[in-house]
Amino acid sequence: MTEITEVIDAVETFETFEDLGISETILKALTEMGFTKPSPIQAQGIPAVMKGADVIGQAQTGTGKTAAFGIPVLERIDVTNNAVQALVLCPTRELAVQVSEEIGRLAKYQKGLRIEAIYGGDSIDRQIRSLKRGVHIVVGTPGRVMDHMERRTLKFDQVRMMVLDEADEMLDMGFREDIESILADMPEDRQTILFSATMSKPIMSITKRFLNDPILIKVVRNELTNVNIEQVCFEVKPQAKVEVMTRLIDMYHLKSLLVFCNTKRKVDEIVEDLQLRGYASEGIHGDLRQQQRSNVMSKFKAGVTTILVATDVAARGIDVSGLDGVINYDIPLDEEYYVHRIGRTGRAGMSGKAFSLVARDEKFRLKTIENYTKVKIEKGVIPSFEDIVGVRKARFVESIAASVKESSDADLYLDVLEMLHHSGFSTEQIVGAMAKQIMGVQKNEYSDSNLAWEERRGGERPERGGDRRGGERESRGGSRFERGSRFERGGSDDRRGASSDRFAPRADSRRSEGGGRDESKRSATPEAGMTRLFLSLGRKDHILPKDIVGAIAGEANIPGKTIGAIDIYDKFTFVDVPERDARAVLRAMDGNTIKGKPVQIDIAK
Ligand code: ADP
Ligand code: MG
C-alpha cells in the first residue's frame, strides 16, 4: 500500500514540447500533427512519467491524455527488443483504436516500432498472427487482453510500462476483475500510469494496491490550452474602460464573452454599465446564492446573456465553453490569475481573444505578467467611433439584405416608401433616416482622443480625469422615473430595441441611482454652476436619459458626461447642463428633434 506522494495542479504553462526533453523524431511528428504547445496534462505529465514515477492523471476527455502517456511510452521502447514493452488498457474498442492510431502518428519517425490494437469483435486469429510477428506496444480492451493472456498469445514479462486509460470508465463497465488480474500479472518493476476523470473509492483502492508512490496530476478543467489565444492590451483611462470594452465587443463581434475584474463591487458596476448600453450581460460573484448563480449560468449557456462578468474566485467553478474571448477589465493582482483568465478562451482548437484594459497605474502589473508568462502582450489600437459605425453598418446592410431575400410579404410595406416620397423626401434621405433610427447610431460621448492615456516622461502625476465618473456616481441623484425607464428596457422592449441602443452614449448610471426624493425642490434649484433646462418631451414620448444625453451632447457638441441630473416627467423633462453651455444647447436643440420627435427647449422657470 502506498500513498500519493505529490499532487500537481496541471494549469496552463508556457513550456514547449522542446522544453520537455522530447526526442527529435517525436518532435517532428508533433509538428506534423499540428501540436504546437503541450496541454496542461502533457506539460506536467510527460516529465513525471519520463523520470519513471508512477502517475495518476486526473483529467477528463479532451485534455490530451494520449500524448501525455504516449510520448513517454515511445521514449522508452527499445525497438531492437522484439517484445511487448508497454500495455495500454482502454475501456472500448473505439478508444483502443483511437489511442493506437494517435501513438502511431507520434511514432511516425521511429523506424521499426510496432503497435497493435486488440479488442473484442475482431478476429482473434488475425490478432494472434500479428502478435507473433512481434509488437512493442499493445493497446487493448481488458477482456480481449485477458483472452490473449489465457491463450498465452500475449506475454508481458518484458512490460516496463502499463497504462490504464479512462480507468473509472473501465471500472464502470465491469472490468475491475480483469484489470486486477492483468495488473497482478505484470512485472513488479514496471511503471504504472492511470488516468481517470474522478478519484472515486474504487480508483483509490486500485491505485493503493498497484501503484508505487504515485504522483497525482490534476487537470481541473477539461480543455486543451492552446496557442490560439490572441493576447492584446489597450491602454485606457479608467473611466473609459466600459466604452472601450463595448467598442471591442462590437468591432470583433464577440458574442460570448467573459469579463474579469478584481472586486465584487466592480462586477456590479460593469454589469450595470453594460446593461445601460444595451448589452446582455450578467455578473457572477461570491454573494450570489446558488439558485441565482445557476440562473445566470443557464442564461449565459443558452446565449440569452452574451457577457458574463466575474471575479477570479467566482469564475473558478464555472464551466463554459465556446467563448469568443476574455476581457480583463482590470489587470489581475496575481499572474496566475491572468493565465487562468485567458485560458478560458481559445479552447478545443478554436481561436479566442484575450483583451486587457490597462490603466496607467496597472501598467507595471502587466509587465510582471509578461515576465511570468514570457509572452509579450501586443499593444492594440482602440477602434475609433467611425470604425464601430462602419462595422455596425456592414452588419446592418447584411441583415437587411437577408431580410429582403426572406420576406415574402414585403410588398405590404412598399407604399411606405411612396408615402414618404409624397412628403418630398428622396429615397436616400428616407433610407438614411431609417438606418439611423434602426441602428440607433448617435454621436458618441467619448471623443476618440479621450479614451487612451498617453505615456508621459518624468515623474508627473498620474492622470486625474476631470470626469471621474466613479466619484460622481455616489454624489448625484437621479429620479425614480429614470429608474423606471431603465426597467422598461429590460422588459418587453425586446432585444432589437436593446441592440439598437448600442451606439447610444452612455446614459450615465449616476443619473439612475441614489436619492432624488424631493423632486420639486431639485427641479427648482440646480447644482451650482449648472443651468436647468426644460424640454417639451417626456415619458409619454418614450425618451430615455440616454436619448437626451445623446441628443444634447451630439447636437450642441458638449461632452455627455458634463450633463447633470435628468428628471423625466410624463410630458416634459428637466435637464441640467453646465451654465456656460446652456446657450449653446438652447441654440442647438430648440426646434430640433430627439428620437425623431420635435422638441421645444427653454431655461426652466
Ligand atoms: P483525451 O484522451 O484526454 O480525451 P486526446 O488525447 O484524445 O484527449 O486528445 C484530444 C484531441 O486533442 C485529439 O484530437 C488530439 O489529437 C488533440 N491534441 C492532443 N494534444 C494536443 C496538443 N498539445 N495540441 C493540439 N492538439 C492536441
Ligand atoms: Mg483518451
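Just so you know, ligand 1 is whichever comes first in the structure, and atom 1 is the first atom listed for that ligand. Here the structure is a predicted model, which is why all the values come from computation and not from measurement.
Against a heavy-atom cut-off of under 4.0 Å, T66 is close to the following atoms of ligand 1: 2 (O), 5 (P), 6 (O), 7 (O). Those atoms of ligand 1 with a heavy atom of K37 less than 4.0 angstrom away are 22 (C), 23 (N), 24 (N). Less than 4.0 angstrom separates some heavy atom of E102 from each of these atoms of ligand 1: 15 (C), 16 (O).
Salt bridge E235/K363: present, at least one basic N to carboxylate O contact under 4.0 Å. Salt bridge absent: E32 and K28 never bring a charged side-chain N and a carboxylate O closer than 4.0 Å. Between E15 and K37 there is no salt bridge, since no side-chain nitrogen of the basic residue lies less than 4.0 Å from a carboxylate oxygen of the acidic one. A salt bridge between E6 and K218 is absent, with no side-chain N of the basic residue lying under 4.0 Å from a carboxylate O of the acidic one. The pair R126-E116 meets the salt-bridge criterion, with a side-chain N (NZ, NE, NH1 or NH2) lying under 4.0 Å from an Asp/Glu carboxylate O.
Polar contact with ligand 1: present for G64 (N/O pair, distance under 3.5 Å). In terms of polar-atom proximity, defined here as any N/O pair under 3.5 Å, Q98 makes no such contact with ligand 1.
At least one heavy atom of F17 sits less than 4.0 Å from an atom of ligand 1.
The only option from Q231, E370, R365 that meets the side chain to side chain donor-acceptor pair (under 3.5 Å) definition with Y338 turns out to be Q231.
When the options R105, E101, Q42 are ranked by their closest heavy atom to atom 20 (N) of ligand 1, first place goes to Q42.
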